[in-house]
Amino acid sequence: MQKSLDDIFDGYENKKRIFKNKKAITTSYKPDQLPYRDNEIRTLASILTPSLVGDRPSNIFIFGKPGTGKTAVSFLVSKKLREKSNKNVNLFYLNCKMRNVADTEYRLMAQLARELGEFVPVTGLPTDHVYGLFFKALDKRGGVVILVLDEIDALVEKIGDNFLYNLTRINEDLKNTQVSIVGISNNLSFLNDLDPRVKSSLSEEEILFHPYNATQLQDILRKRSEKAFRENATEPGVLEKCAALAAQEHGDARRALDLLRVAAEIGEREGADRVCERHVDLAESKIDNDRIIEIVRSQPRQSQAVLWSILTREGDVYTGDIFSIYENICSENGLKPLTQRRVSDLIAELDLLGIINAKVISKGRYGRTRMIKMNLQVSLAEKIRGILQTDYYFQ
DNA sequence: AGTCCACAGGAAGGGCAGGCGA
DNA sequence: TCGCCTGCCCTTCCTGTGGACT
């Protein structure tokens, strides 16, 4: 065993490496140059510039599909603005989709207050009180404060737009500080669903990010791979293939970078000295499979029990069938069964996650139900079955 | 046209854990 | 210590639904 471990570690050190700076091809890497986003950078910067002389910039609403550079552009402009300002401009970035950080009104306001140096407990205070703490901390700060709220649509979908109404009217309550809000959303029609008063306040300025096309994605990949890989580490056609696959998915640069990085990791693990198109194919299915497996692992045990019930049947099954199987599985696995109402919700959640396909159908006088089937390749479904059996002891 | 089935799914509220202020 | 607040998970109760059957 130790011998084989030595072989792995020593072998890795002696292997020809594909990467020279792996960090440069991760999605968290923040490059100093963002190709094909000059207009967006200029527009955002020019809207925020008044903050340098102490004036409040307009609220901005940025929207575009995932992986179109919204967050990267915001970071880049924020960074430059910080460098230019004389500390009278404060920028705060918050991702509203982050679980347990900003996924409720309380947590959002608590996190914003914490960013400003206030201590706010995880729970326990009335939400109004947390608003008060945040407003107080803001007013203490002085100058111009720019709040960047990423994935704002996800939060509004969950808790409504009440918090946005409060935030967009924040300047009426402050004496020393001027606040500007930058909302970022993947959902292009998000604004239409907002309260008209919130809509007009939030979108004083709007910036739309268009998707990258395949040629632009190729160029982005080429620039990043020059930093990330050693010379001639990719075979001809590899960057083009990653770009083409990502372009099919609304021009998502994040997807293109992930594909190339995982393909290179697979190549390096195989001991290849260059990334080839086969590695990209393997990377594509690995990324999708890993995502699903990670979701399954993170599900609560009751949800895993429902999934296990679905996995025991082949072909189409209905909610009633699944509930009967689930009740048996609960008794065999020492679980207290939930009600059918709750199981129905868990089935809907699994459908939303893309693990199963649950379609509401009517069987006439035999009632209305969901027709459920697995939404995964057979090999992946088998793998998940194995994981639930060995790691989570389902039988 | 009316009835019926097997749920879907909304609304309300209970119970719990974690936390605060008096 | 107690009353009150939060989020979260869950149950209970209820109405709505679409198409086969009568």
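Below, chain A is the first sequence line, B the second, and so on; all start at residue 1. Remember, it's a predicted structure, so these values are computed and weren't measured experimentally.
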Under the ring-ring contact (aromatic ring centres under 6.0 Å, His included) test, which residues partner A:F61, sequence neighbours left out?
->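 Listed in chain order: A:F63, A:F190.
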
Determine all donor-acceptor pairs shorter than 3.5 Å in which one atom belongs to a side chain in residues 204-211 of chain A; sequence neighbours excluded.
unit_1: A:E204; atom_1: OE1; unit_2: A:R56; atom_2: NH2; d: 3.3
unit_1: A:E204; atom_1: OE1; unit_2: A:N59; atom_2: N; d: 2.6
unit_1: A:E204; atom_1: OE2; unit_2: A:R56; atom_2: NH2; d: 3.3

Angle of first-five versus last-five pair axes in the helix from B:dA1-C:dT22 to B:dA22-C:dT1, to 10 degrees |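 The end axes of the helix from B:dA1-C:dT22 to B:dA22-C:dT1 are about 30° apart, to the nearest 10°.
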
Of all residues at least two apart in sequence or in a different chain, which pass the salt bridge (charged side-chain N to carboxylate O under 4.0 Å, His left out) check with A:R42?
->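 A:R42 satisfies salt bridge (charged side-chain N to carboxylate O under 4.0 Å, His left out) with no residue once adjacent residues are dropped.
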
With sequence neighbours excluded, what pairs up with A:K286 under the side-chain hydrogen bond (donor to acceptor under 3.5 Å, both in side chains) test?
->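 side-chain hydrogen bond (donor to acceptor under 3.5 Å, both in side chains) list for A:K286, sorted by chain: A:D290.
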
Heavy atom of residues 338-346 of chain A under 4.0 Å from DNA chain C: which residues?
->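 Contacts with DNA chain C under 4.0 Å: A:L338, A:T339, A:R341, A:R342.
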
Of all residues at least two apart in sequence or in a different chain, which pass the side chain to side chain contact (heavy atoms under 4.5 Å, CB included) check with A:D139?
->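 A:D139 satisfies side chain to side chain contact (heavy atoms under 4.5 Å, CB included) with A:L174, A:K175, A:N176, A:T177 only.
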
side-chain hydrogen bond (donor to acceptor under 3.5 Å, both in side chains): which pairs involve residues 380-395 of chain A, sequence neighbours left out?
->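 Matches after skipping sequence neighbours: A:R297-A:D391, A:E382-A:R385.
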
In residues 307-334 of chain A, which residues come under 4.0 Å of DNA chain B by heavy atom?
->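 Heavy-atom contacts with DNA chain B come from A:T319, A:G320.
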
Contacts to DNA chain B from residues 356-367 of chain A, heavy-atom cutoff under 4.0 Å, which residues?
->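 Residues of residues 356-367 of chain A under 4.0 Å from DNA chain B: A:V360, A:G364, A:R365, A:Y366, A:G367.
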
Return each pair, listed once, that meets ring pair (Phe, Tyr, Trp, His ring centres under 6.0 Å) where at least one residue sits in residues 222-265 of chain A; pairs must be two or more places apart or across chains.
->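 Passing the test, one end in residues 222-265 of chain A: A:F19-A:F229.
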
Distance-only donor-acceptor hits, side chain of residues 314-321 of chain A, under 3.5 Å, sequence neighbours excluded:
unit_1: A:T319; atom_1: OG1; unit_2: A:R370; atom_2: N; d: 3.4
unit_1: A:D321; atom_1: OD2; unit_2: A:Y318; atom_2: N; d: 3.1

